[in-house]
Number of protein chains: 2
Amino acid sequence: MLSFLVALSISHQATSVGDTIIAIRKKGLTELGAYEMLNELTSKIGARVSGSPEAAKAVKWVHRQLELCGATNVSEVPCMVPHWTRGKGENAELNRNSQLSICALGGSVATPTKGIEAEVVEVKSLKEAEELGERGRGKIVFFNRPFDPTLPATFAAYGGANDQRVGGATAAAKSGAVAVLVRSMTLAKDDAPHTGAMRYGEGTKIPAAALGIQSAERLSAAIKKGKAKVKLTLNCQTLPDEPSANVIGEIKGSELPNEVIVMGGHLDSWDLGRGAHDDGAGVTQAMEALRLISQLGLKPKRTIRVVAWMNEENGGRGAKAYADYATHATEKHFAAMESDSGGFMPRAFGVSADKLDKVQPWLPMLRDFGIERFVAGGSDADNGPLGPLGAILFALQPENQRYFDYHHSRNDTIDKVNPRELEMGAMSMAAIAWLLSEQGDLLK
Amino acid sequence: MLSFLVALSISHQATSVGDTIIAIRKKGLTELGAYEMLNELTSKIGARVSGSPEAAKAVKWVHRQLELCGATNVSEVPCMVPHWTRGKGENAELNRNSQLSICALGGSVATPTKGIEAEVVEVKSLKEAEELGERGRGKIVFFNRPFDPTLPATFAAYGGANDQRVGGATAAAKSGAVAVLVRSMTLAKDDAPHTGAMRYGEGTKIPAAALGIQSAERLSAAIKKGKAKVKLTLNCQTLPDEPSANVIGEIKGSELPNEVIVMGGHLDSWDLGRGAHDDGAGVTQAMEALRLISQLGLKPKRTIRVVAWMNEENGGRGAKAYADYATHATEKHFAAMESDSGGFMPRAFGVSADKLDKVQPWLPMLRDFGIERFVAGGSDADNGPLGPLGAILFALQPENQRYFDYHHSRNDTIDKVNPRELEMGAMSMAAIAWLLSEQGDLLK
């Protein structure tokens with residue numbers, strides 16, 4: 001008899017939650033608020049590199065938007081961030097007769113003002129660069145290992161190539177190279193160069209730039225012909241750290257206000273393009289999720305909080321600052337959800353492996369938003385540090401085929417975002433936040 | 001002991017089929033042949049309305065492409081098709097002071113050369129138009145019922161609105177209207193008008209045009225202000241039927257050559273845009289599927305045949321001609337697969353309901369191509385007529401959110417197609433064709 005009552009009770013609650021999720025869908029698809037916000041962010045502010053004036057404006061903008069969305073306790077969690085700037089006039093010339101399409105990698109040092117001119121040697125791996133020895137001395141080392149196109153998941157292909165971008169300069173410097181060029185991290189076949197973070201290890205810091213794919217192919221062909229000298233000029237610099245902040249805002253829980261469900265994306269972007277998919281999408285989806293819950297008049301049992309993290313791209317200082325804040329708070333972080341894989345049509349949600357079985361009953365309620373399954377995972381760059389504090393981690397996994405066409409390049413603009421696909425992600429986040437708030441006990 | 005041997009045998013076969021599908025993926029994602037062909041079709045030939053010189057060129061082009069793909073017995077299945085042309089100078093002017101963005105609906109009659117000028121009355125349904133009575137006499141009737149944005153599936157929203165496009169003219173003519181304007185069949189918010197087939201029933205044939213969404217909103221606002229007179233000029237005409245053809249080509253089955261697996265899309269398109277997603281995608285995916293199988297040196301047990309159907313958009317004459325051909329052939333149509341929902345990332349496959357359980361074991365082999373499930377269905381405009389002949393029907397269901405942004409409009413161009421997403425559809429078709437060929441007995 002007891003089990004019968006429990007079943008009835010769960011069934012009643014499930015129906016009610018299901019109706020709420022239908023209401024979220026109807027309001028979301030009618031209003032498309034995530035797109036409206038993303039359009040404003042990308043057009044009024046544009047790109048927002050950590051430490052830049054645009055990033056500071058974006059902090060203010062999110063603050064105001066969260067208030068408009070119905071959030072309370074809107075505030076900032078401060079952090080110091082690196083401040084790297086591209087400068088003007090970066091340039092690469094092949095054999096003194098043709099331009100290569102390049103961009104400095106984030107964090108790179110500049111070349112001398114007059115540029116660096118050197119013969120180019122092509123390699124396919126960090127190991128090969130380190131083992132060049134004397135053949136690398138005084139040269140520009142060109143990392144040209146492409147994405148493996150045969151992998152269905154583009155993130156896997158990215159994972160198999162981006163060590164060249166991150167670690168290429170340090171590896172090549174070991175052989176005495178004077179600069180590195182890295183094939184852009186993309187499956188597209190255009191010539192837009194893709195920037196992204198690089199890091200220096202021990203040793204000499206040499207300049208590092210990404211090459212557009214067509215330029216990479218052209219350079220490789222020139223090397224095969226036996227003649228490839230490139231003159232590279234980069235004017236980037238790293239300025240002193242700047243004060244910045246994560247922005248947070250919430251709907252206070254009515255029954256369990258000290259159990260916090262966090263959802264968000266990162267507010268900083270690279271300087272090329274407008275940071276639409278990476279990750280204006282995630283920030284505006286999280287704000288929209290809160291707006292939907294707020295404007296539907298829903299009163300969550302647990303606190304639902306948006307976090308717009310700062311400095312995901314080149315430091316993770318915002319994630320660290322928020323995790324520090326969470327560590328010292330009296331409240332408990334019950335769950336943390338991140339969207340940082342683009343504003344494409346949702347397909348799945350990653351979730352902490354130990355909760356994978358327990359969230360399965362939620363799946364049918366998420367199908368309208370394109371969520372086909374939960375998969376073990378859920379930890380991403382910004383929510384990850386909240387895992388050790390006990391938060392159940394969730395990460396939106398949208399369709400990924402087009403992501404690296406735009407990622408970190410001038411092509412990451414609002415016209416690549418479909419309003420309904422973006423909203424589907426926002427609504428799936430709202431639905432999961434609501435499920436966590438109302439049925440979170442089922443996950444314990 | 002027998003069951004043990006059977007299990008071993010199936011297991012061996014399954015491994016082998018699985019390896020073949022992996023080979024299809026590696027070749028397909030490396031070469032991206034579907035995109036290469038679609039790029040050529042849309043750039044060299046462009047739009048290809050039934051009966052047009054471009055459609056005739058497209059027939060020749062597919063013939064040659066199929067040979068290049070490795071097909072044998074490449075030939076044409078002739079059919080007569082309607083020949084409607086838009087003509088030049090179509091135009092609509094609101095209150096003699098602003099242009100509305102319009103296009104004639106396919107099949108519409110023209111206005112008089114000097115145009116039709118009349119007051120506009122707005123309705124939301126065929127019934128409302130029919131019941132206008134005297135209030136409709138001499139008027140232009142404006143059908144302005146939008147897609148229901150709250151439906152997650154855009155095809156469902158389309159299904160709920162396109163009676164206005166197809167039947168609006170006939171309904172309005174019953175009330176004495178002189179022309180109709182129809183809100184475009186789209187969820188996009190731009191001003192590109194979307195054409196598509198309309199049909200006349202009994203009664204007077206009055207001209208019919210689609211309005212871009214912004215124009216529809218503007219016209220509706222003018223009507224609310226009490227003043228909306230439109231001057232509409234259409235110069236379209238229906239010419240005598242033209243001879244045309246479906247194009248077919250195949251890989252002959254090595255063991256069961258008389259059991260035919262058909263796969264295809266339709267070769268005709270509307271005249272706006274380039275017919276990239278609708279349905280150059282389906283035709284080039286089917287050709288690519290055959291190319292992959294052929295160039296991998298695979299020898300299917302059953303015959304695998306591509307059909308590029310003609311005249312899906314405004315008559316279905318090609319589908320009828322091919323079904324007639326199939327009816328009289330000595331061979332049996334074992335299965336018929338269609339791709340006519342755009343070249344977006346695959347999500348599901350429709351399949352004849354009575355085979356739904358039996359195809360489930362194939363699903364894990366299709367996941368890399370984005371296929372999440374089989375659903376009951378599989379019948380589309382061109383493969384549908386083969387169902388009554390005993391063919392198991394399959395229809396590719398790609399991601400659908402963006403389809404009606406482009407469908408039948410000037411925006412249906414190659415730049416809206418992602419090469420990998422298109423190829424995923426082609427590879428899923430190749431894989432299913434191969435499974436049908438090698439394991440088709442499991443479906444009997």
Side-chain angles (χ1 to χ4, degrees), chain A residues 21-32 35-36 39 146-154 156-157 186-190 343-348 363 366-373 375 398-406 411 415-425 427-428, chain B residues 21-32 35-36 39 146-154 156-157 186-190 343-348 363 366-373 375 398-406 411 415-425 427-428:
Chain A
I21 291 174
I22 290 169
I24 286 170
R25 165 164 65 75
K26 291 188 172 176
K27 185 175 175 68
L29 284 177
T30 302
E31 300 177 350
L32 301 173
Y35 187 81
E36 193 176 313
N39 193 27
F147 275 29
D148 179 351
T150 69
L151 297 173
T154 60
T186 183
L187 284 152
K189 295 183 174 173
D190 59 16
F344 305 97
M345 187 68 184
R347 288 201 73 130
L363 195 55
L366 301 171
R367 283 259 164 77
D368 278 349
F369 308 128
I371 304 298
E372 302 278 0
R373 65 173 72 89
V375 297
E399 179 47 50
N400 63 69
Q401 292 303 322
R402 283 164 285 141
Y403 187 65
F404 292 98
D405 292 0
Y406 313 138
N411 292 326
D415 56 304
K416 311 306 188 313
V417 179
N418 177 276
R420 287 172 60 90
E421 294 192 352
L422 183 73
E423 190 73 21
M424 290 286 189
M427 298 185 299
S428 70
Chain B
I21 292 174
I22 290 168
I24 286 170
R25 164 164 65 75
K26 291 188 172 178
K27 184 175 176 69
L29 284 177
T30 302
E31 299 176 352
L32 301 173
Y35 187 82
E36 192 175 316
N39 193 26
F147 275 29
D148 178 352
T150 69
L151 297 174
T154 60
T186 183
L187 285 152
K189 297 182 174 174
D190 60 15
F344 304 97
M345 187 67 185
R347 289 201 73 129
L363 194 56
L366 302 171
R367 282 260 164 77
D368 278 349
F369 309 127
I371 305 297
E372 301 279 0
R373 66 173 73 88
V375 297
E399 179 45 52
N400 63 69
Q401 292 303 322
R402 283 163 286 143
Y403 187 64
F404 292 97
D405 293 359
Y406 314 137
N411 293 326
D415 55 305
K416 311 306 188 311
V417 180
N418 177 275
R420 286 172 60 90
E421 294 192 352
L422 183 72
E423 190 73 21
M424 290 287 189
M427 296 185 298
S428 69

Per-residue contact mode, [X] against chain A (heavy atom under 4.5 angstrom):
X: B:E399; answer: side chain
X: B:M424; answer: side chain
X: B:D368; answer: both

What is the distance from atom OH of B:Y35 to atom NZ of A:K189, rounded to the nearest 0.5 Å?
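That separation rounds to 9.5 Å.
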Distance (rounded to the nearest 0.5 Å) between A:L187 CG and B:N418 CG:
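These two atoms lie 9.0 Å from each other.
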What pair of heavy atoms forms the shortest contact from A:L151 to B:R420, and how long is it?
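For A:L151 and B:R420, the tightest heavy-atom pair comes out as O-NH2, 2.8 Å.
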Test: A:R347 and B:E372 ion pair at under 4.0 Å:
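Counted as a salt bridge, because a side-chain N and a carboxylate O are separated by less than 4.0 Å.
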Could you tell me which residues in residues 22-29 of chain B have at least one non-hydrogen atom under 4.5 Å from a non-hydrogen atom of chain A, sorted by residue number?
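Those residues of residues 22-29 of chain B which have a heavy atom under 4.5 Å from chain A are B:R25, B:K26, B:L29.
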Counting heavy-atom pairs under 4.5 Å with chain B, which one of A:E421, A:R402, A:M427 comes out on top?
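Most heavy-atom pairs within the cutoff with chain B belong to A:R402.
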